[in-house]
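Got a structure here, written out as structure tokens. Questions coming.
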Amino acid sequence: MERANFGSKLGIVLASAGSAVGLGNIWRFPCEAGENGGAAFILIYILCVAFLGVPVMVCEFVIGRRSQANTGRAYSVLAPGTQWKWVGLNGVMAAFLILGYYGVVSGWTLGYMIASATGGLSGDMDYARFFYDFSGNSWQPVACMVAFITLTHVVVVRGVKEGIERFSKVMMPVLLLIVCVLAVCSFSMPGAAAGLDFLLRPDFGKVDAGVVVDAMGQAFFSMSVGMGCLSTYASYFSRDASLMRTAGGVAVIDTCVAVLAGIIIFPAVFSVSGIETDAGPGLVFVTLPNVFRLAFSSAPVAGQVFSLMFYVLLVLAALTSSISLHEVSTAYLHERFAMSRKKAATIVTVFCILTGTVCALSFGPLNGVRLGGLTIFDLFDFVTAKLMLPLGGMFIAIFTGWKLDRSVVRDELTGGGRLYVPFFNSFIFILKYVAPVAIASIFVNEILK
Ligand code: PFF
């Protein structure tokens with residue numbers, strides 16, 4: 001079977017950045033930064049991105065492109081007959097499970113985008129109640145999740161070049177444009193200075209081991225590393241793409257969007273006095289609609305446009321990420337069982353809708369079902385983002401640092417000797433020692449928490 005490929009280097013960067021830029025940047029990052037010391041958190045986050053996220057991303061690229069296989073098979077190609085195959089299978093499982101609950105929050109963003117477009121989010125209303133009623137409803141969030149996963153399916157089924165690459169090449173520039181427009185608008189609001197101060201003033205008093213661990217976990221999630229998502233994409237990279245540069249480019253785009261999301265959100269929030277600042281997850285679904293209404297009370301149409309643009313941004317970001325999650329399982333089934341791409345994608349979609357439905361209902365009718373005190377949604381989040389992902393990242397670093405032949409790693413990074421790669425030895429040192437120890441600390445911390 002001939003392997004699919006991305007058609008251009010731009011397509012490679014935009015598809016990978018599409019995977020990285022997602023709800024993690026716009027929904028989770030501003031909350032985390034707001035709660036954990038503003039610029040102090042941002043600084044630690046950037047260190048985690050540079051010294052852990054980028055190296056592990058490069059490993060995924062090496063593994064994917066070298067093996068020319070989906071992540072579920074890549075380790076059997078590079079280390080045949082060993083137990084390393086479980087790292088790949090862990091990735092396939094994690095990506096599948098994440099898609100279930102990611103689809104739920106993405107579905108909410110779709111619901112909010114539609115409500116914003118149809119005027120359902122304007123006027124004097126209790127937004128906390130609205131969110132509570134919407135997310136706890138027994139059919140609306142399920143319908144939104146199904147619609148969202150179906151959109152994802154439509155892109156994935158078209159294939160790597162015609163579906164994923166084409167969609168990323170059109171949507172990523174749109175997404176980046178919306179981010180810039182919203183940041184400029186928010187910047188010019190009356191409370192911009194106070195909002196920026198809240199976000200950018202470093203409060204090192206709030207930094208403790210837990211915050212460092214959070215920053216590390218957030219960096220992994222945001223950069224989509226740890227589950228072979230980018231390794232699957234890299235199996236479609238051309239031989240002449242520079243893996244280091246691509247990883248650097250993706251990291252820069254991902255981090256800029258996260259910081260800009262904070263710059264969009266906090267000045268807007270601070271322009272409206274008397275509003276309770278919820279820096280937690282309610283920020284995007286409760287505080288912000290309120291802000292949009294109050295900040296634009298004299299120009300409601302402008303408020304509606306701002307709000308619509310914001311939710312379109314969220315939907316696009318979520319979609320490019322969910323496509324990459326879907327691709328992990330689709331590529332696995334497609335290649336492992338030699339079935340058509342369409343059949344593989346359909347199976348993944350159907351099963352994701354099933355897991356997504358259970359997760360969506362855990363905010364409503366299934367809220368009472370708890371395991372270890374966690375709702376089903378929280379359990380999915382915990383098991384995947386907090387356990388499977390860091391573990392995956394750790395073993396990916398160990399595999400590349402200790403098991404893969406050094407000449408293979410060098411050959412991939414230099415593109416067969418064509419490219420100059422600075423810091424090669426430091427890179428290997430990070431993979432062998434720094435990353436495993438640092439990631440193991442996230443893991444232990446999460447288990448003990
Ligand atoms: N990076 C995405 C985000 O920030 O929302 C989430 C994600 C996508 C995580 C793909 C993992 C992944 F493999």
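Just so you know, these numbers come straight off a predicted model, no measurement behind them. Position 1 is the first residue of the sequence, and the numbers go up from there. In listed order, ligands and their atoms are each counted from 1.
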TODO: For the residue pair Trp108 and Phe363, establish whether any side-chain heavy-atom pair is separated by less than 4.5 Å.
DONE: yes

Short N or O separations between ligand 1 and the protein, below 3.5 Å:
from, atom 1, to, atom 2, distance (Å)
ligand 1, 1 (N), Ser19, O, 3.3
ligand 1, 1 (N), Ala20, O, 3.0
ligand 1, 1 (N), Phe221, O, 2.8
ligand 1, 1 (N), Ser222, O, 3.0
ligand 1, 1 (N), Ser224, OG, 3.0
ligand 1, 4 (O), Ala20, O, 3.1
ligand 1, 4 (O), Gly24, N, 3.4
ligand 1, 4 (O), Asn25, OD1, 3.3
ligand 1, 5 (O), Leu23, N, 3.0
ligand 1, 5 (O), Gly24, N, 2.8
ligand 1, 5 (O), Tyr102, OH, 2.6

TODO: Tell me whether the centres of the aromatic rings in Phe395 and Trp402 are closer together than 6.0 Å.
DONE: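 Aromatic pair excluded; centres sit 6.0 Å or further apart.
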
Open item on the list: Does the plane of the ring in Phe6 sit parallel, tilted or perpendicular to the ring in Phe237? Use 30° and 60° as the thresholds.
Closed with: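 Geometry flag for Phe237 against Phe6: tilted rings.
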
Task: Sequence neighbours excluded, every pair satisfying salt bridge (Lys or Arg N to Asp or Glu O under 4.0 Å) that has a member inside residues 51-75 - done: Arg65-Glu412, Arg66-Asp411, Arg66-Glu412

Task: Aromatic plane relationship, Phe266 with Phe198 - under 30° parallel, 30 to 60° tilted, over 60° perpendicular - done: tilted

Task: More than 12 heavy atoms from other groups under 6.0 Å of OH on Tyr127 - done: yes

